[in-house]
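First the structure, in the form of structure tokens, and then the observations on it.
Lettering follows sequence order; numbering is per chain, from 1. Computed over heavy atoms, backbone and side chain alike; hydrogens, waters and symmetry mates excluded.
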Amino acid sequence: MVFFQSKIVFFGTPEFAGIVLESLIKNGFKPNLIITQPDQPLGRKQKLTSPPVKELALSNGLKIAQPKNKIELKKIFEKDKVDLAILVAYGMIIPAEILKKPVYGFLNLHPSLLPKYRGASPIQGAILNGEEKTGVSIIKMTEVVDAGPILNQEVVAVDKNDNNETLSRKLAEVGSKILIETIPLYLEGKIKFINQNESLASFTQIIKRQDGQVDWQKSADFLDRQKRAFSSWPGIFTHLGQKRLKIANLSVSEGDFKANLKSGEVFLGPNSGLAVKCGQGAVELKTVQLEGKKKMTGKDFLRGQKDLVGKILKYF
RNA sequence: CGCGGGGUAGAGCAGUAGCAGCUCGCCAGGCCCAUAACCUGGAGGUCGUGGGUGCAACUCCCACCCCCGCAA
């Protein structure tokens, strides 16, 4: 049982990594050191906030390091000998020289069926593209990000109602499970590596606020996927004059009724709801929030915006 | 001192010194085969809190509390 004596370092930052870390701890893979991103000033008051992984590490009495840059990261690996590093959504690219430091290298849990959806937003990417299935992959990290050989992989179905959070949770749970199965086998040398087929690789980018803006030329169905993909951040929004209108909840009306309306035109939906024509189909905005205001139903919103019906929402 | 919006009837908003209003909801009545439609009437507000200036403050000034968007 070589892994019980192994010195393991865990790299991770957000909630997703927290779920995996918690599972590792419960199953006897208690890391000797947790490396996570530095605390960030968050919120209106710029409160210094710890990443979820740090909170979890603290409550489990684990040693924590929060290097601010690659130089500080290197120092950590100069001091200590490490057998294995496990990296899950850490948030910094690991320099090649550090990848070589642990005896057994770095394993990475990536929430997609590699080589598809490499990069920063695999979960959102899968939802946005309407994939019916995605999954998790464990790879051995190489210099090229997300391109290392695959140790294990498991498919996870994407539900029609899955959003970023719900799918992340599923993937984190399945990922934890296969990670726990795979680590011992890997350390005992019983794993066969499968090289990724580079010709099938696809990439996802870091999500920016702008990705949440609604383009009314797109189909209603796409908007629904966009809403689900970016549900935690940045959400989806459109513009009303100079102000941003966040769309917290919407429902899709399929088909091409209201064909006489222009894309982005506001009309009175069923039950006096707030509805908008899309490139294809239409959506009813169930819950909206105007900049500086509280969330409210589309119906309530219309009451204070009587001249809204007939206006055309723009995409900048 | 990061930037900014807001707190007025149950809900959403307008009003920016001189009787507190609109849409919806609610209550009562009417019309109708009928209705979420339409008509008539009605209830419901210490205009976030505390001070100040004014003959007069929701409105101007000061302080404070609360809610929210951006940024990160």
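B/G45 sits 26 Å from B/A37 when the P atoms are compared, rounded to a whole Å. Nucleotides B/G18 and B/G29 are separated by 40 Å at their P atoms, to the nearest Å. Remark: the separation of the P atoms in B/C3 and B/G48 is 25 Å, to the nearest Å. Using C1' as the reference atom, B/C22 and B/G44 are 16 Å apart when rounded to the nearest Å. Taking the P atoms as reference points, B/G69 lies 31 Å from B/U23, given to the whole Å. One C1' atom belongs to B/A17, the other to B/U53, and the distance between them is 12 Å to the nearest Å. Remark: the separation of the P atoms in B/U49 and B/C58 is 11 Å, to the nearest Å.
Residue A/Glu181 places its CD atom among more than 12 non-hydrogen atoms of other residues, nucleotides or ligands, all under 6.0 Å distant. The number of heavy-atom neighbours closer than 6.0 Å to CD1 of A/Ile93, taken from other residues, nucleotides and ligands shown, is 12 or below.
Comment: A/Lys100 does not engage A/Glu143 in a salt bridge, judged by the lack of any side-chain N to carboxylate O separation of less than 4.0 angstrom. Ion pairing of A/Asp162 with A/Lys170 is present here, as a side-chain N (NZ or NE/NH1/NH2) and a carboxylate O approach within less than 4.0 Å.
Two residues are said to be in side-chain contact when any heavy atoms from C-beta on lie closer than 4.5 Å; A/Val53 and A/Tyr90 fail this criterion. A/Val82 has its side chain out of reach of A/Tyr104: every pair of non-hydrogen atoms, C-beta onward, lies at least 4.5 Å apart.
Across all strands shown, B/C39 is found opposite B/G29 as a Watson-Crick or G-U wobble partner, with both distances under 3.5 Å. Summarising the base pairing, B/G69 is matched to B/C3 through a Watson-Crick or G-U wobble pair whose two defining distances lie under 3.5 Å.
For the residue pair A/Thr204 and A/Gln124, no side-chain donor N or O sits within less than 3.5 Å of a side-chain acceptor on the partner.
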* Would A/Leu24 and A/Ile183 count as a side-chain contact (heavy atoms from CB on, under 4.5 Å) if you check the C-alpha gap in whole Å, the side-chain angles of each, and the deciding distance to 0.1 Å? -> CA-CA 10 Å; A/Leu24 286 175; A/Ile183 292 170; 4.0 Å; yes
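Within residues 290-305 of chain A, the residues approached by RNA chain B to less than 4.0 Å at the level of any non-hydrogen atom are A/Glu291, A/Gly292, A/Lys293, A/Lys294, A/Met296, A/Asp300, A/Phe301, A/Arg303, A/Gly304, in residue-number order.
Nucleotides of RNA chain B with any atom under 4.0 Å from a heavy atom of chain A span, from 5' to 3', B/G2 to B/A72.
Under the rule for a ring-ring contact (aromatic ring centres under 6.0 Å, His included), the partners of A/Phe106 that lie at least two apart in sequence or sit in another chain are A/Phe11.
With its glycosidic angle more than 90° from 0, B/G5 is assigned anti.
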